[in-house]
There are 4 protein chains.
Amino acid sequence: MATHQTPTRGYSATKDQLQTRLRRIEGQVRGIERMVEEDRYCIDVLTQISAIQAALDKVALGLLDGHVRHCVAEGAQEGKGDEMSTELMAAVGRLMRRG
Amino acid sequence: MATHQTPTRGYSATKDQLQTRLRRIEGQVRGIERMVEEDRYCIDVLTQISAIQAALDKVALGLLDGHVRHCVAEGAQEGKGDEMSTELMAAVGRLMRRG
Amino acid sequence: MATHQTPTRGYSATKDQLQTRLRRIEGQVRGIERMVEEDRYCIDVLTQISAIQAALDKVALGLLDGHVRHCVAEGAQEGKGDEMSTELMAAVGRLMRRG
Amino acid sequence: MATHQTPTRGYSATKDQLQTRLRRIEGQVRGIERMVEEDRYCIDVLTQISAIQAALDKVALGLLDGHVRHCVAEGAQEGKGDEMSTELMAAVGRLMRRG
């Protein structure tokens, strides 16, 4: 049945690697919670936040890359190139300004 | 004994709020893991990443704020103003360039 | 002669608007030079720098948009989709981390 | 007369270096205008924009540094520490989110 079909995404080929990265980021956030629990120095907590931001940027760039290579490329062949470019640029704008 | 005393940090007065925010961010990261597990659309995953980055920026600004108001202010009175300004600027630089 | 032909770029259709924006940004930078010359308050200078960064982000997003819609779309038809995606992602990465 | 006195700013000691950097950035913006005039490749224009943003970030960090070391330090001694911390954090927030 079509409803049970797994849709192919830009990240389908690298899904395992993506999941691993996200679990690591989840662990980094929990690490910060522990640092705060233990009253660690503010600057050390901030350094960890920067590390998480860098890791999230890397995940985001990987997702964008897969999206451009697969979804946008396919969309263009189906005449949805313009619509998908608009959507892509909105996502890039959010990433550049962070939210 | 002094060694068991809890150090006062820039975030000590708002530690509960900070912990709540961090747990919410941890939940958001898990939410993204679920989205990837369910093969959700790349752009929707990216939107969630931007939301987490905005939330982390907010946490970082709160930590910086407390650090400047408490730690840097105190440090200045103890003659450590220069050293702490250098450290603060390095942290701001990492946040601006993300890691 | 082919060598004198103007190449079509992603921004060709909006070149005038782009030039106007860049001249305005040039004027904003000169405005900051004047502020510094007149020993204006640090925070006011910083506010102007943020305004220029936002204006540059807007120009960059416009350029990316035109590039994806025209150059990458055309490149894909000529079998250069992969190469151009790699190049595009490197540019987005530089914009996200600013240099 | 007090009205003709030059106010001391966080950047007063490094004003010449700051002016030099700003003039260089102004030149970089004019360089981009020329690139667009000559219909240069979108990605090359974007690379230059990233370079300007990195240069502006550097100027901003220098201004913040001087502001914290001089103005905020002095303000704290005059009982304006809280007010100036609020102002500083707003500036950092604008720089992190770019405008």
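Because the structure is predicted, anything quoted here is derived from the model rather than measured. A, B, ... follow the sequence lines: proteins, then strands. Residue 1 opens every chain. All values below come from the heavy atoms of this structure, side chains included, with hydrogens, waters and symmetry mates left out.
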Item to check | Most chain A-contacting option - heavy-atom pairs closer than 4.5 Å, from B:Thr47, B:Leu22, B:Val45 | outcome: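 Of B:Thr47, B:Leu22, B:Val45, B:Leu22 has the most heavy-atom pairs under 4.5 Å with chain A.
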Checklist entry - If you count heavy-atom pairs under 4.5 Å with chain A, which of B:Ala90, B:Ala55, B:Pro7, B:Ser12 comes out on top? => result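 The candidate making the most pairs under 4.5 Å is B:Pro7.
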Checklist entry - For the residue pair A:Ile43 and B:Leu88, what are the closest heavy atoms and their distance? => result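 That closest heavy-atom pairing would be CD1-CA, 4.3 Å.
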Next on the checklist: Tell me the closest heavy-atom pair linking B:Gly10 and A:Cys42, and the distance in Å.
Outcome noted: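 The answer is N-SG, 3.4 Å.
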Checklist entry - So which part of A:Met84 gets closer than 4.5 Å to some heavy atom of chain B, the side chain, the backbone, both or neither? => result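 The side chain, not the backbone.
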Next on the checklist: If I measure from the heavy atoms of chain B, does A:Leu18 come under 4.5 Å with its side chain, its backbone, both, or neither?
Outcome noted: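 A:Leu18 touches chain B through side-chain heavy atoms alone.
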Next on the checklist: With rounding to the nearest 0.5 angstrom, report the CD to CD distance, A:Gln53 to B:Gln53.
Outcome noted: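 One gets 5.0 Å once the value is rounded to the nearest 0.5 Å.
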Next on the checklist: Show me the pairs that pass side-chain hydrogen bond (donor to acceptor under 3.5 Å, both in side chains) and involve residues 22-36 of chain B, at least two apart or across chains.
Outcome noted: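 Checked against side-chain hydrogen bond (donor to acceptor under 3.5 Å, both in side chains) - neighbours excluded - the pairs reaching residues 22-36 of chain B are A:Glu26-B:Arg30, A:Arg30-B:Glu26, B:Glu26-B:Arg30.
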Checklist entry - Restricting to pairs with a member in residues 46-64 of chain A, which pass salt bridge (Lys or Arg N to Asp or Glu O under 4.0 Å), not counting sequence neighbours? => result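 Found A:Asp57-B:Arg98.
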Checklist entry - Going by the salt bridge (Lys or Arg N to Asp or Glu O under 4.0 Å) test, which pairs reach into residues 7-21 of chain B, not counting sequence neighbours? => result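 Checked against salt bridge (Lys or Arg N to Asp or Glu O under 4.0 Å) - neighbours excluded - the pairs reaching residues 7-21 of chain B are A:Asp39-B:Lys15.
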Checklist entry - For B:Val59, which of A:Ile32, A:Ile52, A:Ile49 qualifies under side-chain contact (heavy atoms from CB on, under 4.5 Å)? => result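 Single side-chain contact (heavy atoms from CB on, under 4.5 Å) partner of B:Val59 among A:Ile32, A:Ile52, A:Ile49: A:Ile49.
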Checklist entry - When heavy-atom pairs shorter than 4.5 Å are enumerated against chain B, which of A:Leu46, A:Ile25, A:Thr8 gives the highest number? => result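 That would be A:Leu46.
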Checklist entry - Could you name the residues of residues 61-69 of chain B that have a heavy atom within less than 4.5 Å of a heavy atom in chain A? => result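 Listed by number, the contacting residues are B:Leu63, B:Leu64, B:His67.
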